[in-house]
Amino acid sequence: DHLRHVESMATLPSGAGKISHLNAVILGEALASEENDLVFPSEDFSRQALVSSPAQYLELYRKSIEDPARFWSAIASEFYWIQKWGEQVYSENLDVTKGDIKIEWFKGGITNICYNALDRNIEAGNGGKVAIYWEGNELDQDGSLTYSELLEKVCQLANYLKDIGVRKGDAVVIYLPMLMELPIAMLACARIGAVHSVVFAGFSADSLSQRIVDCKPKAVITCNAVRRGSKVIYLKDIVDAALVESAKNGVSVDVCLNYENKSAMKRETTKWTEGRDVWWQDTVPKYPTTCAVEWVDAEDPLFLLYTSGSTGKPKGVLHTTGGYMIYTATTFKYAFDYKPSDIYWCTADCGWITGHSYVTYGPLLNGATVIVFEGAPNYPDAGRCWDIVDKYKVTIFYTAPTLVRSLMRDGDEASNFSGFTCNLCYVTRYSRKSLRVLGSVGEPINPSAWRWFFNVVGDARCPISDTWWQTETGGFMITPLPGAWPQKPGSATFPFFGVLPVIVDEKGTEIEGECSGYLCVKNSWPGAFRTLYGDHERYETTYFKPFPGYYFTGDGCSRDKDGYHWLTGRVDDVINVSGHRIGTAEVESALVSHPQCAEAAVVGVEHEVKGQGIYAFVTLVDGVSYSEELKKSLTLAVRKQIGAFAAPDKIHWAPGLPKTRSGKIMRRILRKIASRQLDELGDTSTLADPSVVDQLIALSDC
Ligand code: PRX
């Protein structure tokens, strides 16, 4: 059955047979234009690529599906294990009707991911190779660490953590900006078998505290402040507030390790709690630069990362060690066609899964040189990314569509300010000749952004890996292999090795051929998450019960006649703002926490730069009147409870919300009102009070 699926899934696109067409669209010879829906890698690129043709991809893919145990063990054997996994390479049950959901890979294998990322590469002779180039917020701030230097820093911190009592299995919360200390902290936890939970340093004190209360860490690692663009954010104040809040909820943290980020804030002005707070610089460097590894089972937890779901409570996605290690390393290598000479830059923050898998683990496991950038991509101006690309001779550049769209827009604005006729000068004033592969992640990339990225940034020379995946999947699931397939702007193309994506209808029946529906996965893969921390039942209910027998991704997807996959966005109550996942319920609960808000309903609405914007319908308590002041104060409530990135783009006053007679809010109607598609409201007769809709429309511009 599996094999038949593989055979039928991928066929060469119809245009590929036509040699003349193929030659015309070879990268570097023709720009990706509206007419060219197929964009081919150049012959030179394909020749040097790890996978250089559809046939080669299909052969490897077929092997990975026919015999996953053999395929993945061969790859896993390239890593260091002090004890090999048991006879059964993996075991899985993805079918709720057959018992508990369970996924295990390489069980019984004993290893350590930090050892594999650092010590193993150093032993292979790469100790002197740069592991991390760090670029600060300001143009003149930078630094670097070789693999050997990185290992020493990791060991010092690991020794410190052990000294304060952090043991295998204990949680450590990391709330840091993109300093080198962030991957150092992750790796130090991994070295001693502690479970890190990185919280994006844009989350508010309330959100941070919610996560601390859930995972009860032995320590919190932070820094006093960070400068992002022209703003200073006082992170330690946020941590202090979160720790007060956590203590009220019964979870007190004994140690808060603070890195003094001098360029943003001096220690003299940092608020301090004696007995709990420790300066990183005063303490950690005193510890030995070597630290014995804590060897762990492949199925021992590596990290927890909280992500949004369709209810208010964030989900603690749990990843384990062995499968995640093999999967992130392999996906990184193939999807970016990695070569040891590459200089790799992923603009994601380690506070999100992309930063876990493709800033820290995937690249370092491959011995790559990685750039860690602390600043904002448009500071001091919209040319900063290309300045960094030229400075470090970046060869692989991986980012999100939202950044592509914002730079595309700024590119045009440059002409207005400077009077140049070249409206792309933010980009073209830099060479960018070092680039060879581009990548996109986080949301669907619209074809016009794809073409701008390809034609302007990559000079029509660099294939784009549009990688579809999720916090839950650990690594890439559907992605181009840049040397193999002709690309279609906006399509994530084909599944990675070992992944069997299927599209199902509402009843959960698989649909073949050209179709649209819900994206599910039929089998387990090594990087899959194993549970939601402390709530296996929610894991089963959210991901495995909607379509029994499958992992349900929450995304819509269509497949075209050539077998290419086109992701169409979330089909649940999650919205994707600038590539960040936000649950509508979380924003609603923050709004209704405001004493003057009676009810709120949040929907996603198309946004030119962010992909989706947050559109909130708000009903006020009786007697309160609308005002701009109140809008600001409602927005503040969301910033306080979640973080600035979740602030609504629009608040729409709602005397009432469209509800069915049983009280269910009809979001379909709200989405249409929010996107001004008033002639597509559909049937409103089932509403308890249809006149609500007219009232809402009348208030659209208030
Ligand atoms: O809707 C999909 C979208 O981002 C969701 C996962 O979000 P998160 O767990 O925060 O991880 C983001 C980084 C992997 C998915 O359910 N998404 C991610 N990548 C793509 C995408 N949608 C379309 N194309 C992509 N390449």
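For ligands, and for the atoms within them, numbers begin at 1 and follow the listed sequence.
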ring-ring contact (aromatic ring centres under 6.0 Å, His included) assessment of F529 paired with Y539 = CA-CA 10 Å; F529 68 140; Y539 171 72; 4.9 Å; yes
Which N/O atoms of ligand 1 sit under 3.5 Å from a protein N/O, and at what distances?
{"from": "ligand 1", "atom 1": "1 (O)", "to": "D555", "atom 2": "OD1", "distance (Å)": "2.7"}
{"from": "ligand 1", "atom 1": "1 (O)", "to": "D555", "atom 2": "OD2", "distance (Å)": "3.1"}
{"from": "ligand 1", "atom 1": "4 (O)", "to": "G442", "atom 2": "O", "distance (Å)": "3.2"}
{"from": "ligand 1", "atom 1": "4 (O)", "to": "N576", "atom 2": "ND2", "distance (Å)": "3.3"}
{"from": "ligand 1", "atom 1": "9 (O)", "to": "T471", "atom 2": "N", "distance (Å)": "2.8"}
{"from": "ligand 1", "atom 1": "9 (O)", "to": "T471", "atom 2": "OG1", "distance (Å)": "2.5"}
{"from": "ligand 1", "atom 1": "9 (O)", "to": "R581", "atom 2": "NH1", "distance (Å)": "2.7"}
{"from": "ligand 1", "atom 1": "16 (O)", "to": "Q470", "atom 2": "NE2", "distance (Å)": "2.9"}
{"from": "ligand 1", "atom 1": "16 (O)", "to": "D555", "atom 2": "OD1", "distance (Å)": "3.2"}
{"from": "ligand 1", "atom 1": "16 (O)", "to": "D555", "atom 2": "OD2", "distance (Å)": "2.8"}
{"from": "ligand 1", "atom 1": "16 (O)", "to": "R570", "atom 2": "NH1", "distance (Å)": "2.8"}
{"from": "ligand 1", "atom 1": "17 (N)", "to": "G442", "atom 2": "O", "distance (Å)": "3.3"}
{"from": "ligand 1", "atom 1": "19 (N)", "to": "G442", "atom 2": "N", "distance (Å)": "3.1"}
{"from": "ligand 1", "atom 1": "22 (N)", "to": "P444", "atom 2": "N", "distance (Å)": "3.4"}
{"from": "ligand 1", "atom 1": "24 (N)", "to": "E443", "atom 2": "O", "distance (Å)": "3.3"}
{"from": "ligand 1", "atom 1": "26 (N)", "to": "D466", "atom 2": "OD1", "distance (Å)": "2.8"}
{"from": "ligand 1", "atom 1": "26 (N)", "to": "T467", "atom 2": "O", "distance (Å)": "2.8"}

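Between F476 and F496, the ring centre distance reaches or exceeds 6.0 Å.
Note on ring orientation: taking the six-membered ring where Trp is involved, the planes of Y327 and W72 are tilted (angle from 30° to 60°). W450 and F454 have parallel rings, their planes meeting at less than 30° on a 0 to 90° scale where 60° marks the start of perpendicular. Taking the six-membered ring where the residue is Trp, Y543 and Y551 present parallel rings, their angle staying beneath 30° rather than reaching 60°.
Within the 3.5 Å criterion, the main-chain N or O of I101 finds a donor-acceptor partner in the side chain of H536.
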